[in-house]
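Below: one structure, written as structure tokens.
So that the names make sense, note that chain A is the first sequence line, chain B the second, and so on, each numbered from 1. Note: hydrogens, waters and symmetry copies are ignored here, and every other heavy atom, side chains too, is used.
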2 protein chains.
Amino acid sequence: MINIAIVDDHEMFREGLVLVLSQVDEINVVGNFNSGDSFLKALEELDIDIVLMDIKMEGLNGIETTQRAKSVKPDLKVIAVTMFVEDSYYMQMINAGAHGFVLKKAGKYELVQAIHEVNNGGNYFSQEILQKMAFKAISGKDEKENQLSTREVEVLQLICKGLSTKEISEALFISQKTVEVHRSNILRKSDQKNIAQLVIWAIKNNYTTI
Amino acid sequence: MINIAIVDDHEMFREGLVLVLSQVDEINVVGNFNSGDSFLKALEELDIDIVLMDIKMEGLNGIETTQRAKSVKPDLKVIAVTMFVEDSYYMQMINAGAHGFVLKKAGKYELVQAIHEVNNGGNYFSQEILQKMAFKAISGKDEKENQLSTREVEVLQLICKGLSTKEISEALFISQKTVEVHRSNILRKSDQKNIAQLVIWAIKNNYTTI
DNA sequence: ACTTTACTAAGGGAAAACCCTTAGTCTAAT
DNA sequence: ATTAGACTAAGGGTTTTCCCTTAGTAAAGT
């Protein structure tokens, strides 16, 4: 029996997932949680082999939750379950210690396959993710060089909230010129050419939620 | 027994929904479809009381699917199931003939309540939607005045794809000045003040997909 | 026939975004 | 100690967006 926990703040999706997995032999759903926090609280008391973790959640997101969970239980295995197939996602999740990555649009069979793979000590990444990784490897872009700094993420989130450069400078108590520098660097690093593209990119990359 | 069909292109969500509803007494899931097209094809052969219809789908969206389904079977009842609580959604769905509106983040009980309500000839709108409607009614904004024209929707979608005014003008074979007029009118009608906010608004209002 | 609406287009001006450079301070790593 | 990176800020420039006005044409409704 493989003991599974599910962490997702989408109630209907989570309930559905519980039922889908409960039907599968050798899989035992031992808990489901609507937030990273509630999962972490219950973590020590439960016997969990694999966690299906949503990345985008209110409050503690999947990446942070994974990091904290792994620091408590290093043997815990995590499969990220997410909506989009974008850049920084999987790298951050792999860094946080995830062993698999499945899209929400995937079906039951792919998910079960991922669970078995990961349970046997392997990894599972959906085809779409592998393609992204391959493309990135071929294009030879260095991840680290293009990672946003803390401040840049902060500015990006304010941009996505619709604040102008002036408003951002007031919110962060820095000059407009500094905000301009951040904006430019964000656009360069994200490889987007204007705010419209940047907002979409930010959503897909989990920097902001709709 | 209430015969339910589910139309949603998100496989895992759909499968989950089938299982959740199959557990409920008096509810019988007679079919589930991953597109508006496949649903419409099967419509005549099935005995369906209520359809749970996702709004945002690849190909035929929920609104169009509802319109076509109702033209074939006027007595069919439709409950819209969607991600966001935004303006034009529910108005379009109500116009298309929907009797209910439930958010995807809602739980099983709310969904079942909606199904019973609609099955008994009533309507069901989730609290969040009702609040939006009430707010709109109080603020007294006329829907029609602020509805985007065909051309404006076209421009909006290109904006969301990250095209500049110049690029849009070239794509639509019109002058930059005309595009500027459309941009201004879109911002005014949507009541958003810049492109960042507009993109988010467009996503929530189903004008574009991520 | 008249009105309304959508779409088109232009002028003109203010504001914001974008892009480049230089440069100082501070922190963290080798 | 020296290097590297993040954050700050300014100068100076181009481009784009934003907002206003006016205005002609075509289609649709009353």
Checklist entry - Whole-Å distance between D:dC19 P and B:Asn185 CG? => result 11 Å

Checklist entry - What does A:Thr178 touch in the nucleic acid at a heavy-atom separation under 4.0 angstrom: a base, only the sugar-phosphate, or nothing? => result base

Checklist entry - How many Å lie between CG on B:Leu163 and P on D:dT15, as a whole number? => result 19 Å

Next on the checklist: Counting only side-chain nitrogens and oxygens, does A:Ser175 get under 4.0 Å of the OP1 or OP2 atom of D:dA10?
Outcome noted: yes

Checklist outcome for this item: Rounded to whole Å, the CD1-P distance (A:Ile174 to D:dA10) equals 11 Å

Checklist entry - Any salt bridge between A:Glu11 and B:Lys105, counting N to O under 4.0 Å? => result no

Item to check | Aromatic B:Phe13 / basic B:Lys104 pairing, under 6.0 angstrom, 45° off normal | outcome: yes

Checklist entry - Step by step, would you call B:His10 with B:Asp54 a side-chain contact (heavy atoms from CB on, under 4.5 Å)? => result CA-CA 9 Å; B:His10 246 79; B:Asp54 188 20; 5.7 Å; no

Item to check | Integer-rounded Å distance: D:dT16 P and B:Gln176 CD | outcome: 8 Å

Checklist entry - Atom CG in B:Leu103, atom CZ in B:Phe101: separation rounded to 0.5 Å? => result 7.0 Å

Next on the checklist: Less than 4.0 angstrom between a side-chain N/O of B:Ser164 and OP1 or OP2 of D:dT15, yes or no?
Outcome noted: no

Next on the checklist: Using the side-chain heavy atoms of B:Arg151, tell me which of these nucleotides is nearest: C:dT8, D:dT8, D:dC7.
Outcome noted: C:dT8

All N/O contacts under 3.5 Å from nucleotides 18-20 of chain C to the protein, with atom names and distances to one decimal?
{"unit_1": "C:dC18", "atom_1": "OP2", "unit_2": "A:Arg183", "atom_2": "NE", "d": "3.4"}
{"unit_1": "C:dC18", "atom_1": "N4", "unit_2": "A:Glu180", "atom_2": "OE1", "d": "2.7"}
{"unit_1": "C:dC19", "atom_1": "N4", "unit_2": "A:Glu180", "atom_2": "OE1", "d": "3.1"}

Checklist entry - Is a salt bridge present between A:Lys166 and A:Glu180, judged by a nitrogen-to-oxygen distance below 4.0 Å? => result no

Checklist entry - Contact class for B:Thr165 (heavy atom, under 4.0 Å): base, sugar-phosphate, or nothing? => result sugar-phosphate

Checklist outcome for this item: Only one of B:Asn119, B:Leu21, B:Val29 passes side chain to side chain contact (heavy atoms under 4.5 Å, CB included) with B:Ile2, and that residue is B:Asn119

Checklist entry - Does the pair A:Lys193/B:Glu167 count as a salt bridge with the N-to-O cut at 4.0 Å? => result yes

Item to check | Nucleotide D:dC7, atom P - distance to CD of A:Gln147 in whole Å | outcome: 13 Å

Next on the checklist: It should be established whether B:His182 places a side-chain nitrogen or oxygen under 4.0 Å from OP1 or OP2 of nucleotide C:dA6.
Outcome noted: no

Item to check | d(CD, A:Glu167; C1', C:dA16) in whole Å | outcome: 11 Å

Item to check | Separation of D:dT17 C1' from B:Leu198 CG (nearest whole Å) | outcome: 13 Å

